Amino acid sequence: GINFAGGVTLIWPQKKLESTVTNEAYESSSKTYTPLHLTSAYRLSEDVSFALTVNNSFGLGSDFPDDTIFKYTTTESKLTTWDINPSVAYKLFDKMVIAVGFRAIYADVSLKQMIPLQTFGLPDGGQTFKATGTGYGWNVGATYSPIDVLAFGASYRSPVDIDLNGDVSFDLTQNNTPLLTTIFPTTAAVSGINLPGQLFLGIAYKP
């Protein structure tokens with residue numbers, strides 16, 4: 001029949017960087033991230049099953065104050081991915097099942113940093129890059145159960161290249177002038193990200 005499964009992971013990352021230049025330590029703001037996974041599966045026959053999984057296979061973020069020594073590199077970053085993964089499983093024989101699937105990953109990225117405007121005799125401004133993109137990959141897996149109470153499993157998700165398209169905008173609220181607006185207009189921007197391959201190994205024991 002039809003089966004459903006789901007879960008949420010709570011992550012509270014803390015980042016601290018110590019500068020050998022300023023001898024100061026910079027800590028990120030505390031934020032909570034909640035990657036999830038949802039799966040529905042349908043057993044078509046004794047040997048064949050179909051499944052659809054949606055999860056946040058990659059993603060996290062960071063948020064630092066605007067006065068760090070690396071503020072011109074980054075102050076805030078965030079990556080969210082939605083991995084949509086239909087797959088099919090086939091029982092080769094009583095002790096072994098194999099599965100293959102297709103992956104479509106949607107990515108949402110944002111990156112903020114400060115920009116120096118001392119050349120114009122003005123305080124720093126802000127820059128924000130926001131973009132989205134989609135990439136495709138595949139997955140394969142297998143389970144082997146030599147005895148009823150014991151099973152070994154392995155799966156692999158392929159790397160995925162994602163082309164990102166978005167825009168770069170500038171925060172010049174404190175020092176907005178016609179000259180700066182001309183020099184720093186909101187403009188289209190492109191980038192790319194490579195999501196690495198993932199190998200999972202597991203053992204299940206049912207006492």
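Since this is a predicted model, take the numbers as computed values, not measurements.
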For [X] against [Y], the heavy-atom pair lying closest together:
X	Y	answer
T182	P185	O-CD, 3.4 Å
G125	L117	N-CD1, 3.7 Å
A154	L201	CB-CD2, 3.6 Å
P13	S28	O-OG, 4.4 Å
V160	I105	CG2-CD1, 3.9 Å
K15	G61	NZ-O, 2.9 Å

Quick one: [atom1] on [X] to [atom2] on [Y], what's the gap to the nearest 0.5 Å?
X	Y	atom1	atom2	result
F170	T128	CZ	OG1	9.0 Å
F152	S145	CZ	OG	9.0 Å
W12	T32	CH2	OG1	6.0 Å
N55	W82	CG	CH2	9.0 Å

Testing D83, N85, N139, T53 one by one against R103 for a side-chain hydrogen bond (donor to acceptor under 3.5 Å, both in side chains), which residue passes? D83
In terms of hydrophobic clusters joined by side-chain contacts under 4.5 Å, are [X] and [Y] together?
X	Y	result
V21	M114	no
F93	V97	no
Y136	I162	no
L164	Y106	no
F102	L44	no

Taking the six-membered ring where the residue is Trp, are the ring centres of F200 and Y156 under 6.0 Å apart?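 So the answer is no for these two rings.
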Surrounding NZ of K91 (heavy atoms of other residues, nucleotides or ligands, distance under 6.0 Å), is the total greater than 12?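 Count over threshold, so yes.
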Please check if atom CG in D94 has more than 12 non-hydrogen atoms from other residues, nucleotides or ligands closer than 6.0 Å. no
Just by distance, no angles: are the side chains of Y26 and T22 close enough, under 3.5 Å, to form a donor-acceptor pair?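 Yes, a side-chain donor-acceptor pair sits under 3.5 Å.
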Is there a donor-acceptor contact under 3.5 Å linking the side chains of S77 and S62?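 There is such a pair between these side chains.
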Going by an N to O cut-off under 4.0 Å, is there a salt bridge joining D124 and K71?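 Between K71 and D124 there is a salt bridge, with a charged N closer than 4.0 Å to a carboxylate O.
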